[in-house]
Amino acid sequence: MIQALLLAALAGCGAADSAEKPVDTGFCDTVPYADWNSFGQGFLVQNCQPCHASAQTDREGSPADVTFDTEQQARDQAARILARAAPEPPAAPDMPPQGGVSEEDRLLLRAWLECQ
């Protein structure tokens with residue numbers, strides 16, 4: 001009886017631990033390499049900084065606290081960037097609002113922010 005209770009308690013602990021840890025889907029093992037220099041900086045300059053640069057005077061209504069001048073600023077907002085520019089299906093991206101970003105670049109954005 002005590003052994004059964006111990007096993008049940010241990011099984012419960014394992015379930016709680018696995019719920020807290022993200023499941024490794026192998027995404028980072030299957031996508032091309034992307035880092036700040038090879039992808040992130042250029043992507044932000046072209047697609048985000050027209051509204052999200054601190055020096056931008058016409059931010060098209062973007063929040064003043066959402067600025068992507070540096071890699072660290074982008075990393076600090078990674079979840080927000082991914083939710084808006086490269087969301088998991090079935091959600092559709094709504095950033096940048098003018099569109100024009102290829103699915104390949106959205107995949108690389110996700111690879112850069114999730115795998116580096």
Side-chain angles (χ1 to χ4, degrees):
M1 177 76 165
I2 292 175
Q3 288 177 338
L5 289 173
L6 281 173
L7 287 174
L10 288 174
C13 288
D17 287 345
S18 65
E20 293 172 11
K21 296 177 187 174
V23 176
D24 181 8
T25 62
F27 172 75
C28 293
D29 295 332
T30 63
V31 294
Y33 178 80
D35 64 17
W36 172 250
N37 293 320
S38 69
F39 178 78
Q41 183 176 26
F43 182 90
L44 293 177
V45 166
Q46 181 175 351
N47 298 293
C48 306
Q49 286 185 358
C51 298
H52 294 287
S54 61
Q56 185 58 263
T57 56
D58 183 9
R59 295 176 58 93
E60 300 286 331
S62 69
D65 65 334
V66 181
T67 302
F68 308 132
D69 293 337
T70 67
E71 180 177 13
Q72 189 58 54
Q73 287 172 324
R75 291 203 171 278
D76 290 346
Q77 297 283 333
R80 188 175 194 167
I81 292 170
L82 291 171
R84 303 290 305 271
E88 293 285 336
D94 61 357
M95 283 289 155
Q98 76 276 9
V101 176
S102 70
E103 288 304 312
E104 180 180 354
D105 277 353
R106 291 186 193 280
L107 178 72
L108 288 170
L109 177 64
R110 191 172 156 218
W112 168 54
L113 290 172
E114 291 183 7
C115 303
Q116 292 305 305

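Predicted, not measured: the structure shown is a model, and the values here were computed from it.
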Go through it in stages, so that I can follow the logic: the residues are E88 and R110, the test is side-chain contact (heavy atoms from CB on, under 4.5 Å), and I'd like the CA-CA distance, side-chain angles, deciding distance and then a yes or no. CA-CA 10 Å; E88 293 285 336; R110 191 172 156 218; 2.9 Å; yes

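- The 12-atom threshold is not exceeded at CD of Q46, counting heavy atoms of other residues, nucleotides or ligands nearer than 6.0 Å.
- Screening residues 76-116 for disulfide bond (SG atoms under 2.5 Å apart) gives C28-C115 as the qualifying pairs, with residues at least two apart or on separate chains.
- Evaluation of the side-chain hydrogen bond (donor to acceptor under 3.5 Å, both in side chains) rule for Q72 yields D76 as partners, not counting sequence neighbours.
- For residues 69-94, there are no ring-ring contact (aromatic ring centres under 6.0 Å, His included) pairs, not counting sequence neighbours.
- Checked against side-chain contact (heavy atoms from CB on, under 4.5 Å), T67 has the following partners two or more places apart in sequence or in another chain: S54, R59, D69, Q73.
- Residues that satisfy the side-chain contact (heavy atoms from CB on, under 4.5 Å) test with Q98, not counting sequence neighbours, are P96.
- Screening residues 68-106 for disulfide bond (SG atoms under 2.5 Å apart) gives no qualifying pairs among residues at least two apart or on separate chains.
- Here the CD atom belonging to Q49 is positioned 8.0 Å from the CD atom belonging to Q41, to the nearest 0.5 angstrom.
- Residue P93 comes nearest to A85 through the heavy atom pair CB-O, 3.6 Å, listed as atom of the first residue, atom of the second, then distance.
- When hydrophobic side chains of Ile, Leu, Val, Met, Phe, Trp and Tyr are connected at separations under 4.5 Å, F39 ends up clustered with W36, F43, L44, V66, F68, I81, L82, V101, L108, L109, W112, L113.
- Taking every heavy atom of both residues into account, P50 and Q56 meet most closely at O-NE2, 2.8 Å.
- The side-chain hydrogen bond (donor to acceptor under 3.5 Å, both in side chains) search around E71 returns R75, not counting sequence neighbours.
- Side chains of Q77 and R84 form no contact here, defined as non-hydrogen atoms less than 4.5 Å apart.
- A search for side-chain contact (heavy atoms from CB on, under 4.5 Å) contacts involving D35 returns Y33, N37, S38, Q116, not counting sequence neighbours.
- Here ring-ring contact (aromatic ring centres under 6.0 Å, His included) pairs that include residues 83-108, with residues two or more places apart or in two chains, number zero.
- The stretch residues 44-107 participates, sequence neighbours left out, in no disulfide bond (SG atoms under 2.5 Å apart) pair at all.
- In this view, T57 satisfies the side-chain contact (heavy atoms from CB on, under 4.5 Å) rule with no residue, not counting sequence neighbours.
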